[in-house]
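Within every chain, numbering begins at 1; the chains are lettered A, B, ... in the order of the sequence lines, protein sequences first and strands thereafter.
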Amino acid sequence: MAVYLPKGTRDFLPEQMRTRLFVLDTVRSVFSRFGFEPLETPAFERIETLTGKYGDEGDKLIYKILKRGAGAERGECDQALRYDLTVPLARVVAMNPDLRMPFKRYQTQPVWRADRPQRGRFREFWQCDCDVVGTKSPLAEAECIAVALAALDALGLPGAVIRLNDRRILRSIAVAAGAADKEIPFLICLDKLDKIGRDKVSAEFGRLGLDDAAVAGVWDVLTVPDGHDPALDSLEAALDDAGREGVDTLRAVLDAVGRMGVALDRVQIDPTLARGLDYYTGPVFEISLPAGDIGSVGGGGRYDGLVGMFSGRDVPAVGIALGIERIIMVLEEQGKLSSQRTTADVLVTVFSDEQRNTSLSFATRLRSAGVKTDLYLGEGNLKKQLKYANARGYPNIVIIGPDESERGEVTVRNLDSGEQSKLSAGDAVRSLTHS
RNA sequence: GUGGAUGUAGCUCAGUUGGUUAGAGCGCCGGAUUGUGAUUCCGGAGGUCGCGGGUUCGAGACCCGUCUUCCACCCCA
């Protein structure tokens with residue numbers, strides 16, 4: 001039978017898992033270094049937990065799960081696969097009022113979106129999310145930005161930059177333009193600026209009911225000078241009190257980020273950054289890499305109202321997510337991934353039936369010494385085993401034939417250089433331990 | 001969800017206006033001193049031409065449908 005994967009999903013074969021685990025391990029260790037605690041939640045949630053949080057477009061992309069029994073025949077759904085890691089976190093916080101605030105958690109799990117796949121876009125993909133819950137302090141934003149950049153640094157992507165804006169600034173602009181009741185559509189139009197340009201966005205604003213003067217006013221406010229302070233000063237002068245709160249927050253975030261050791265040219269004020277998700281209330285950010293037109297590799301923002309949607313208890317929160325699929329694509333394109341294709345660092349070959357136990361013992365000894373060791377389990381002569389080792393990409397192999405066996409030696413061969421030497425078993429263990 | 005491309009050996013692709021047994025490179029298997037891969041030489045295996053219909057004396061080539069992958073839109077990581 002013809003067999004293939006569901007659209008937008010992938011198997012991760014061992015060679016790919018190596019890089020995925022490298023990225024995940026790296027990100028998790030950086031998150032831990034900043035004091036974030038691990039959390040996992042179920043793959044699926046009750047459907048009402050997810051709907052109404054992401055906006056109309058987002059809701060359409062939620063993977064729904066049919067009810068069991070008669071409900072399924074009527075097409076009814078009561079559960080759905082998680083769309084992101086932020087809403088499940090808000091649900092967890094609402095259900096666990098005893099959590100000591102501020103609560104900092106990280107979560108690296110797959111999420112699902114019923115999107116049409118494209119380059120760097122899948123229906124099942126992993127997010128690395130870290131959030132600070134329970135404080136309105138702009139230090140929380142600063143930590144999110146700092147930890148995300150630190151994670152990308154650790155992955156070998158020091159060129160990552162964060163664009164920063166605040167929803168209150170955007171709302172203030174929308175209100176001034178007379179679009180107070182159309183804030184979300186206003187944001188969606190604005191978000192397209194990068195792609196379709198100012199003229200087309202202006203035309204869409206017109207369709208929303210903004211007159212020419214209002215549109216001109218919007219561009220006037222959004223056009224800011226370079227540099228953090230000039231940009232923020234310009235916005236401050238143009239906005240109402242509510243918008244100025246956003247400006248003040250961004251000033252505090254920038255100050256704290258600088259004190260956390262982040263180079264300030266890695267954070268850019270971009271008043272046109274909108275982001276689609278409905279739940280953001282304050283600062284929003286998006287992470288871009290200079291190389292490759294791959295879209296953003298991460299994003300986030302403050303969502304002070306989300307927990308309250310579950311518990312009625314307002315709990316402020318802010319978070320950021322890294323998308324590892326896109327990060328891996330960039331790492332691959334830049335050749336920044338290790339070329340080793342096996343987990344084991346050495347393959348112990350089996351010279352003959354007579355020598356099998358000698359090889360087995362030596363492999364065991366290597367493993368005890370902490371060397372990642374594979375023992376050849378197939379059939380075949382030495383030549384075949386060498387070809388196998390070469391194809392699999394082991395850095396080293398060990399050969400123990402009758403000659404070596406007699407003298408208590410083993411041959412260690414490096415497959416990259418082709419160099420080999422006969423060593424005593426103890427020296428061989430030491431040599432492989434340090435290779 | 002909308003629009004556009006794509007699908008031929010394990011992989012990357014050729015395949016002329018429809019015409020005999022469908023090709024190449026790489027890979028794979030075997031051999032070239034039976035204790036040495038990756039290099040070289042020789043030989044070999046391997047294809048329901050995505051799937052299902054249709055047109056035709058004849059379809060890998062044309063038409064319809066369907067699925068896959070990819071690109072753009074939408075939105076996002």
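- With salt bridges taken as basic N to acidic carboxylate O contacts below 4.0 Å, one links A/Asp115 and A/Arg121.
- Base engagement by A/Ile399 is indicated by at least one non-hydrogen atom pair under 4.0 Å involving a base atom.
- Residue-level contact check: A/Phe351 touches the bases, meaning some heavy atom is under 4.0 Å from a base atom.
- Of the candidate nucleotides B/G1, B/G37, B/A77, B/G37 has the atom lying nearest to any side-chain atom of A/Asn390.
- For A/Gln420 against B/G37, no side-chain N or O and base N or O form a donor-acceptor pair under 3.5 Å.
- Heavy atoms of A/Arg275 sit under 4.0 angstrom from primed sugar atoms or phosphate atoms, though from no base atom.
- Electrostatic pairing of A/Glu45 and A/Arg82 does not count as a salt bridge here, judged by no charged N lying under 4.0 Å from a carboxylate O.
- Residue-level contact check: A/Lys7 touches the backbone only, with heavy atoms under 4.0 Å from sugar-phosphate atoms and none from bases.
- Stacking annotation: A/Phe125 is stacked on the base of B/A77 (ring centroids less than 5.5 angstrom apart, interplanar angle below 30 degrees).
- Among the atoms of the strands shown, only primed sugar atoms or phosphate atoms (P, OP1, OP2) are found under 4.0 Å from some heavy atom of A/Ile188.
- Using a 30° and 60° split on the angle between ring planes, A/Tyr388 and A/Tyr376 fall in the perpendicular class, above 60°.
- Residue A/Asp115 is in base contact, counting any heavy-atom pair closer than 4.0 Å across all strands shown.
- When heavy atoms are screened at a 4.0 angstrom cut-off, A/Gly55 is found touching no nucleic acid atom at all.
- Remark: A/Asp166 does not engage A/Arg302 in a salt bridge, criterion side-chain N to carboxylate O under 4.0 Å.
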